[in-house]
Amino acid sequence: MNSKNENLKEQVLRASGVNVLKCMRCGKCSGTCPAYGEMEYHPHQFVYMIEKGDIEKLMNSPSIYRCLTCFACVDRCPRGVEPAKAVEAVRLMAVRKQDGNRLKPEQIPDMLDEDMPQQAIVTALRKYRK
Amino acid sequence: MNRIGVFVCHCGTNIASTVDVKAVAEALSHERGVVISQDYQYMCSESGQNLVKNAIKEHNLTGVVICSCSPRMHENTFRKACSEAGLNPYLVEIANIREQCSWIHKDITTATEKAVILGRTAIAKVTLNTPLTSMESPVVKRALVIGGGIAGIQSALDIAEAGFEVDIVEKEPTIGGKMAQIDKTFPTLDCAACILTPKMVEASQNENINIYSFSEVSDVKGFVGNFTVKIKRKARYVDETKCTGCGLCTEKCPMKKVPNEFNAGLDNRTAIYIPFAQAVPKIATIDPNYCMMLKNGKCGVCSKVCTAGAVDYKQKDEFIEKKYGAIVVATGYNPISPEKFDEYAYSQCPDVVTSLELERLMNAAGPNGGTLLRPSDKKHPEKIVFIQCVGSRCDDDRGKPYCSKICCMYTAKHAMLIREKYPDTEVYVFYIDVRTPGKNFDEFYRRAVEQYNVHYIKGMVGKVTPKANGKIEVQGSDMLADEQLRIDADLVVLAMAIEPDKSARPLATMLTTQMDTNDFFTEAHPKLRPVESATAGIFLSGVCQGPKDIPETVAQASAAAAKAIGLLCKNSITCNPCVAHSDELMCNGCSACEKVCPYGAITYENKEFRMPDRTVAVRRVASVNPAVCQGCGACTVACPSGAMDLNGFSNSQIMAEVDAICK
Amino acid sequence: MQVNDSKNFEPVIAAFCCNWCSYAGADLSGTNRLSYPTNVKIIRVPCSCRVNPMFILRAFQRGADGVIICGCHPGDCHYTSGNYFTRRRITLLYSMLDFLGIERNRTRLEWVSAAEGAKFASVMEQFTEDVRKLGPNRRLEDLRCRKK
Amino acid sequence: MQEKMKQRAKELLADGTVNRVMGWKKGEFGYDTTPAVFRSAEEIDKYFVCDDFTNSNLSKLLVKESKKDGVILAFLKPCDTYSFNQLLKEHRIDREKVYIIGIPGGPKLDAEIIKSKGITGITGVKNVNYTLVIDTIYGEEKMPFYEAVSVKCKSCKSKKHVIYDELIGDDGDILESDRFDEVEKLENMTSRERFDFWQRELSKCIRCNACKNVCPACTCEKCVFDNPKSGIENKAVSDSFEEKLFHIIRAFHVAGRCTDCGECSRVCPQNIPLHLLNRKFIKDINSLYGEYQAGADLDTKNPLTDYSTDDCEPSIVHERGVE
């Protein structure tokens, strides 16, 4: 388990403030996730993979951009694990990474999916609501 | 000649509003044998009862039929009333015309018709009723507790506390059982010995408690209140009355290579031994399988060093016979053997251990003095893998189909204790489910995960391979990540399923109690009578009834004790007279009845019969012990010749009822 | 064959109920005023295992049109194992009656607990209807016992 | 075979191992054999017989015989040993008092079948290459051997002796038999057809009680049908139903104990296939509660005095066969 990148795991944990050990693998987060079908790794897998240190797999997965950050998982988690924050942290890790994959404004129109609410808007709504 | 009185109750308007009670009384007055038929507002009231009592005296009645509410309601009321008026209480029958007629029907005509038929049915039955008398059977005011583990000790202490004599029969040289071997207890992590040994001492010092250690029950006869039990006192080759427990003999004994069962065979003891320092009674015992004096007459060191002169190589097994009113079964459990599970390499690698062995490895009185070291090289293990459900929830014949219940919690305890004491150790737990119902149990398990960072992995281990470098490769599945894991562990701990002690099944046969297919004793009722066996006077305590942890065991032990005390408080037991009886002249002696009796109430005897041709024949016939029979009637149907019948519900009575309904 | 008189046909139904569960269940349906047909008459037995197949045959012989046996649910028997024996005996008897060409719906075994008053009433309602549909019992009746 | 048996019986009588011998003797006609007890070598020489017509199962008679003084020698065919074992299991026979010699079983012949072909005055039979050559006072007659075989032997279930002290001849094996075929045929009829079948068969019953008297499972000290207290006392013929009642109850009383020896149907003077009732119970027990052969051993529990918590419900009857 610790053969995986402990450093990255530590960064994610710090950035998100999530205690993945609190997870008891009930799967309620994935049970409630509206973007479940779009995701390669589902919310409960995010939590478990972070616990196991499998961060790079997550960073390279399109899943991090499929999360709507609707916070349904955070709301419903019986143990207060807050999976959305974990996803957000991994996404940040990916965004902060030097070179290559920084998101450029001109790329956004292509990435928009008309069946999905605009991720950025929804994220902003949820995050800065209060 | 029958003289039957019929009494129809109005129950205010409860019956009278839908049943024409007067018409019912009138119709029933014409039935055969009926000499008086009356109706009254409230039959169960004092004046209603007086009506019945007076009629019994006035008309010299031989049977009474009350048409009223359910017999479950007032049968006893009317039986008592009749008894007061001098009529045998079992000559009363109730026709249920309220719950089963007036309350469910609306049409007066049909409801009245049905009430008449129900009345007729009761008359048909009462005509065949016979007077019955309840037997009284005396109670011996002493209890026997079989098994001296925490369950037996607790039951014995509670019964003794209530002022009754108790004998504990323990097959090992000391009481204490499995709990004495355990290091710490969940979920409080207090030391098992610290809470158990005071109880052991209390039991030995209580003047009402008599401990037969190194003894076994060899025969049980009798029934509730009056059991006769034969106890085998195995020869320990040491005079119990003389041994002071000084332990000098155990130091001097030259035979030092006997596997020490108290430490799960992880170290050795001597041939003459005291199982552990706090043993009760603290008396030495010689193991005849290893003692050189007993095997080939050459040694005798222990006898020479014993200043008390307690060693007696000529001691023989002794049998004593005692009477008891109640028996508490507390025979406990054992972990099953891991040897059948080749995949876990238990027999190939000393560093694959069972949980009980781990308890001893971690215990301060254990082989390593409390430091956790691998059995093979006495090195500190850095990576430990726990495997759950080894043999539990396992349908093939290697394991047991049930959940052993305690493993999830003790594994969390082990993992936590290890991480607490040796924070550099990595601990993995492979599980199928984590089952932690119980007060503070789930919180305890979550603490292991969240606070102590024990890696719980959902999935089972498929293969354990010892490697040349001393590591043990554990190959298992991580169901959540959907991947196969390989961990190089230093120590592997198997959570073995637990099974009832092997002595339980022969004991159940002796006690005529029931057992399930897993050899757990069956309780009289799974919900309402969980600590009694179906056989009256036999109570169940601890794991012999099903897997349990310590608090549950103690709770059940006290409950069993309370039930036993309730029995012992009585001077005699009134038996239900509605029991089976066998007509010896018709009995074939075929044993069919005995096989269906859940209480072991039926025995067979060879009896002499004078035959019509003046010869004498000896025949095997059944006899029912009325103190044990509960009156279910299973035997009456199993009996092919109809020799077996049931008081109060006889074949002819039920058939008379059938006829009355169908007429 | 019996279609004509089935309109006015009122079946006679004997119900054997064990004292601890089903008889109490019947009482409960009374307490809750849950109606079932008057055709059903209950015989109280200590346990369903007390019901001898002879009783069932006797009932049919004396003109009963249906016989139902009610006991505690398996596993809940007051006497621990009684209803398990009942189940085997009655299964074999039912199979035999069927083998002899007796209509299947004339006999039934039901598990009714002391708490199932509603179930008791609905079972009796349904059983009475089933028997009513079959018409009078002719195949097992003893002609000498026929009502005059 | 017969000579060997006689020889051995006389030896055992002579050395005092036994004081009586149970076998068969000839009745009025050659084909009319009946069980008999012999006390001396002379009696044996004169009357003892064991041939194609010695159908009778001797086990039941040993209930009474084993109560008498001294040991009795009994010759038991494989099917008879099952009955013997079952009676032993029910403590009806004292094993110490019986010396068993196992002898090969049938197929035995049924004289009634031969007679039904119009062949009368039978004095002897021979099996010549599966053709039965019958000597009669009117001359020689022939018929296929198989056709004359007793119903009970046609569907023989076992040639193996389950209990014996010694054997004459070799022991055989448990056979694959077609004994349930006829039960199945009935099961596949409609309810009405089945009713008509049994109504027709059982109404022939004359309540001679031969079935009850010959049945090795019917050894009750007092039979319920003879007991006024049983509520079903019924000794003689009345009308159609009573016969049905009698036969259902009898079948139920022997259920789980009947070894399927077939004696009931063999002795029925009205040729009612009574064994089908017993076989129906056996078939049901085998399919619902696991294979069980009464009398096969002394330990297996009778399925009717046993249970499993996951037994099927009686409603299983609705799921099978035709209504």
Side-chain angles (χ1 to χ4, degrees), chain B residues 69-73 93-94 96 98-107 109-111 113-115 117-118 121 125 514 522-529 533-534 576 578 596-599 630-639 642 646 648-649 651 653-655 657-663, chain C residues 10 12-20 23-24 26-56 58-65 67 75-82 84-86 89 114 117 121 124 145 147:
Chain B
C69 54
S70 171
R72 297 170 57 84
M73 205 76 156
E93 284 300 327
I94 310 284
N96 185 345
R98 190 178 78 176
E99 279 85 348
Q100 292 176 9
C101 190
S102 72
W103 274 355
I104 49 168
H105 304 313
K106 292 190 181 67
D107 179 63
T109 330
T110 51
E113 262 171 39
K114 179 170 173 179
I117 294 176
L118 294 180
T121 310
K125 186 178 182 194
Q514 292 179 317
T522 309
E523 56 281 13
H525 190 283
K527 290 122 205 167
L528 303 176
R529 296 170 69 197
S533 84
N576 169 20
C578 292
V596 297
C597 180
Y599 307 103
Q630 304 285 311
C632 68
C635 53
T636 62
V637 185
C639 178
L646 188 63
F649 295 95
N651 285 331
Q653 282 176 310
I654 296 177
M655 282 206 245
E657 287 182 90
V658 169
D659 292 354
I661 284 176
C662 299
K663 219 187 276 174
Chain C
E10 282 302 333
V12 175
I13 289 170
F16 291 94
C17 290
C18 87
N19 184 42
W20 306 98
Y23 195 89
D27 278 355
L28 183 65
S29 75
T31 315
N32 292 340
R33 310 294 198 275
L34 300 167
S35 182
Y36 53 86
T38 49
N39 309 61
V40 177
K41 316 283 190 304
I42 294 171
I43 294 172
R44 183 163 69 128
V45 285
C47 174
S48 58
C49 71
R50 177 67 189 91
V51 179
N52 196 315
M54 289 200 302
F55 302 158
I56 300 167
R58 170 77 160 218
F60 282 127
Q61 179 193 15
R62 295 297 153 114
D65 300 297
V67 177
D76 290 348
C77 177
H78 180 79
Y79 304 100
T80 326
S81 53
Y84 290 127
F85 294 120
T86 311
R89 290 166 184 165
M124 291 305 155
C145 303
K147 283 167 226 162

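Below, read A as the first sequence line, B as the second, and so on, with proteins coming before strands; counting in each chain starts at 1.
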[X] versus chain C, the contacting section by heavy-atom distance below 4.5 Å:
X: Ile661(B); value: both
X: Asn651(B); value: both
X: Ala634(B); value: both

Examine whether an atom of [X] lies under 4.5 Å from a heavy atom of chain B, and if so say whether it belongs to the side chain, the backbone or both; otherwise answer neither.
X: Arg44(C); value: both
X: Asn19(C); value: both
X: Phe55(C); value: both
X: Ala24(C); value: both
X: Val51(C); value: backbone

Item checked: Residue pairs fulfilling side-chain hydrogen bond (donor to acceptor under 3.5 Å, both in side chains) with at least one residue in residues 30-43 of chain C, sequence neighbours excluded -> Glu10(C)-Asn39(C)

Checklist line | Option that, when pairs with chain C are counted at under 4.5 Å, heavy atom only, ranks first among Lys106(B), Glu657(B), Met655(B) | finding: Met655(B)

Margin query: Counting heavy-atom pairs under 4.5 Å with chain C, which one of Gln630(B), Met73(B), Glu99(B) comes out on top?
Written below: Glu99(B)

Next item on the list: Return the option, out of Pro46(C), Ala14(C), Ala59(C), Cys47(C), with the maximum number of heavy-atom pairs under 4.5 Å with chain B.
Entry: Pro46(C)

If you measure from [atom1] on [X] to [atom2] on [Y], what distance do you get to the nearest 0.5 Å?
X: Cys69(B); Y: Asp27(C); atom1: SG; atom2: CG; answer: 9.0 Å
X: Gln100(B); Y: Ser29(C); atom1: CD; atom2: OG; answer: 7.5 Å
X: Ile94(B); Y: Ser70(B); atom1: CD1; atom2: OG; answer: 8.5 Å
X: Cys101(B); Y: Ile42(C); atom1: SG; atom2: CD1; answer: 10.5 Å
X: Arg58(C); Y: Ile654(B); atom1: CZ; atom2: CD1; answer: 12.0 Å

Next item on the list: Determine, step by step, whether Ile104(B) and Lys114(B) satisfy the side-chain contact (heavy atoms from CB on, under 4.5 Å) criterion, reporting the C-alpha distance in whole Å, the side-chain angles of both residues, the deciding distance to 0.1 Å, and the verdict.
Entry: CA-CA 11 Å; Ile104(B) 49 168; Lys114(B) 179 170 173 179; 4.3 Å; yes

Next item on the list: Quick one: list whatever passes ring-ring contact (aromatic ring centres under 6.0 Å, His included) with Phe16(C), sequence neighbours left out.
Entry: none

